[in-house]
Amino acid sequence: MATLSLDFYQSHDTLTLSQLLLGCELVHESPDGTTAGIIVETEGYLTDDPACHAYRRQTTRNAAMFGPAGTLYVYQIYNHYNCINVVTSPEGIGEAVLIRALEPTEGLDLMAIRRNDAFKTGFERYRNNTITIDTADGQRNLCNGPGKLTIAMGINRQTHNGASLITSKLFIRGPVLHDFDMVTTTRIGITQGVDLPYRYYVKGNRYVSKK
DNA sequence: AAATTGATGGGCT
DNA sequence: GCCCATCAATTTC
């Protein structure tokens with residue numbers, strides 16, 4: 001399946017893209033190896049939406065959101081975690097799609113190594129945690145949340161915030177999942193705009209972070 | 001089973 | 001100083 005083009009990111013509004021990205025495959029061809037997973041859960045953030053990081057003004061943190069469509073916005077949340085967004089608005093406007101969960105398809109062993117390394121260097125209380133991919137539960141645990149998938153895919157703020165999904169080693173391939181039912185609901189973990197139905201996920205998919 | 005809480009970085013309200 | 005688009009252990013029905 002072909003890599004999504006600039007034209008694709010430019011041709012739809014943010015909420016449409018939030019839905020169209022479901023079933024597409026996020027791929028990272030890193031120096032350590034390739035990992036990939038099907039996007040099964042997204043949230044849209046709009047410029048007139050109080051929950052959006054770009055709601056007020058451009059700052060050093062949210063600057064990438066004001067880049068062209070197809071730019072990656074990576075931000076840090078709650079200490080050690082990062083979350084990734086696809087910018088979906090023209091340059092100068094800050095809208096994006098948060099990728100909240102992946103169904104892993106490639107490089108599960110590398111994902112587990114990265115998650116386990118993160119446990120060792122992360123919060124002291126989780127240092128003894130281990131993920132194994134021998135079980136279905138272990139595999140489900142790799143990428144079923146925005147903080148987890150960012151670790152498993154080897155994405156970090158330093159090298160990926162502001163990067164282009166069109167020209168870099170991190171990109172999205174066109175839909176590999178077809179004919180699924182989609183659930184539309186409210187977003188998770190926010191304190192503003194809590195009633196807006198901007199969260200979408202693949203119905204029945206076991207890798208979705210939360211029902 | 002569900003609700004609560006601790007960890008403690010980095011950018012601003 | 002204060003506030004988080006989280007994760008996983010712990011506590012509480």
Side-chain angles (χ1 to χ4, degrees), chain A residues 14-15 17-19 21-22 26 37 39-67 71-89 94-102 104 111-112 114-132 135 137-162 183-201 206-211:
Chain A
T14 297
L15 295 182
L17 277 166
S18 303
Q19 300 168 50
L21 287 175
L22 290 179
L26 180 67
I39 298 169
V40 296
E41 179 180 351
T42 61
E43 286 178 1
Y45 287 87
L46 308 188
T47 189
D48 62 349
D49 157 17
C52 182
H53 287 179
Y55 178 59
R56 290 175 193 280
R57 67 173 77 62
Q58 185 168 339
T59 65
T60 49
R61 179 176 69 149
N62 66 20
M65 279 185 95
F66 291 86
T71 300
L72 204 66
Y73 168 48
V74 187
Y75 70 95
Q76 185 196 45
I77 186 70
Y78 297 113
N79 308 327
H80 290 179
Y81 296 104
N82 290 321
C83 295
I84 58 169
N85 294 255
V86 178
V87 174
T88 52
S89 50
E95 300 198 349
V97 175
L98 170 69
I99 298 179
R100 284 194 55 90
L102 300 177
M111 289 183 180
R114 286 175 175 147
R115 292 291 316 281
N116 287 326
D117 283 352
F119 281 134
K120 292 199 204 89
T121 56
F123 296 130
E124 193 167 342
R125 59 191 301 193
Y126 302 150
R127 295 244 163 107
N128 295 324
N129 285 21
T130 306
I131 291 179
T132 58
T135 65
D137 270 358
Q139 295 187 12
R140 195 173 65 89
N141 204 12
L142 289 173
C143 295
N144 63 338
K148 296 178 184 183
L149 74 88
T150 303
I151 296 169
M153 291 294 287
I155 298 168
N156 61 74
R157 235 170 31 267
Q158 294 75 15
T159 57
H160 299 288
N161 186 37
V183 177
T184 301
T185 181
T186 54
R187 298 172 292 184
I188 289 182
I190 54 171
T191 55
Q192 309 269 319
V194 291
D195 294 328
L196 297 171
Y198 295 168
R199 174 169 176 252
Y200 310 93
Y201 64 85
R206 38 185 277 105
Y207 297 90
V208 170
S209 69
K210 185 167 168 272
K211 292 280 184 166

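First the proteins, then the strands, lettered A, B, ... as listed; each starts at 1.
Note on A:R56: every side-chain N or O is 4.0 Å or more away from OP1 and OP2 of B:dG11. At least one side-chain nitrogen or oxygen of A:R57 sits closer than 4.0 Å to the OP1 or OP2 atom of B:dT13.
Remark: the backbone N or O of A:I188 is paired with a side-chain donor or acceptor of A:E43 at under 3.5 angstrom. Using modelled atom types, one side-chain atom of A:R187 and one backbone atom of A:G193 make a donor-acceptor pair closer than 3.5 Å.
We find that the ring of A:Y81 and the base of C:dT6 do not stack by the test of centres under 5.5 angstrom and planes tilted less than 30°. Centre separation under 5.5 Å together with a plane angle under 30° holds for the ring of A:Y45 and the six-membered base ring of C:dA5, marking them as stacked.
For A:Y45 and A:H53, the ring centers are positioned 6.0 Å apart or more.
Going from atom CZ of A:R61 over to atom C1' of B:dG9 covers 12 Å, rounded to whole Å. Between the CG atom of A:L98 and the P atom of C:dC4 there is a distance of 16 Å, rounded to whole Å. Between the C1' atom of C:dA9 and the OH atom of A:Y126 lies a distance of 6 Å, rounded to the nearest Å. We find that OH of A:Y73 is positioned 14 Å from P of C:dC4, with the value rounded to whole Å. Remark: P of C:dC2 and CG of A:N79 are 16 Å apart, rounded to the nearest angstrom. A:F119 has its CZ atom 17 Å from the P atom of B:dA7, to the nearest Å. For the pair A:K210 NZ and C:dA8 P, the computed distance is 15 Å after rounding to whole Å. Regarding A:N128, its CG atom lies at a distance of 13 Å from the C1' atom of C:dA8, rounded to whole Å.
You'll find that the side chain of A:T60 is closest to B:dG11, out of C:dC4, B:dG11, B:dG9. Here the side chain of A:N129 is nearest to one of C:dA9, C:dA5, C:dT6, namely C:dA9. With B:dG10, B:dT13, C:dA8 as the choices, the nucleotide that has an atom nearest any side-chain atom of A:K148 turns out to be C:dA8. The A:I77 side chain lies nearest to C:dT6 when the options are C:dA9, C:dT6, B:dT8. Nearest to the side chain of A:H80, among B:dG9, C:dA5, C:dA9, sits B:dG9. With distances taken from any side-chain atom of A:T59 to the nucleotides B:dT13, C:dC7, C:dT6, the minimum falls on B:dT13. In the set B:dA7, C:dA8, B:dT13, the nucleotide with an atom closest to the side chain of A:N141 is C:dA8.
Using a 4.0 Å heavy-atom cutoff across all strands shown, A:R157 reaches sugar-phosphate atoms only and no base atom. No engagement by A:R127 is indicated, since no non-hydrogen atom pair under 4.0 Å with the nucleic acid exists. No contact: A:Y198 has no heavy atom under 4.0 Å from any strand. Using a 4.0 Å heavy-atom cutoff across all strands shown, A:R125 reaches at least one base atom of the nucleic acid.
Residue side chain A:Y78 does not reach the base of B:dG10 through any donor-acceptor N/O pair under 3.5 Å, judged by distance alone.
For the side chain to side chain contact (heavy atoms under 4.5 Å, CB included) with A:I131, the qualifying choice from A:R115, A:M111, A:R114 is A:R115, the only one to do so.
In this pair, A:H80 and A:F123 present their aromatic rings parallel. The plane angle is below 30°, not in the 30 to 60° band.
Ion pairing between a basic and an acidic side chain is recognised when a charged N comes within 4.0 Å of a carboxylate O; A:D117 and A:K120 show such pairing.
Look at the P atom in both C:dT10 and B:dT8: the space between them is 15 Å, to the nearest Å. Comparing C:dA8 with B:dG10, their C1' atoms sit 22 Å apart, to the nearest whole Å.
For the pair A:I131 and A:C52, nearest-nucleotide mapping onto DNA chain C gives the more 5' position to A:C52.
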Next on the checklist: The test is side chain to side chain contact (heavy atoms under 4.5 Å, CB included); show your working for A:L102 and A:I39 and say whether it passes.
Outcome noted: CA-CA 5 Å; A:L102 300 177; A:I39 298 169; 3.8 Å; yes
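Checking C:dA9 for Watson-Crick or G-U wobble geometry (two distances, each under 3.5 Å) identifies B:dT4 as its partner.
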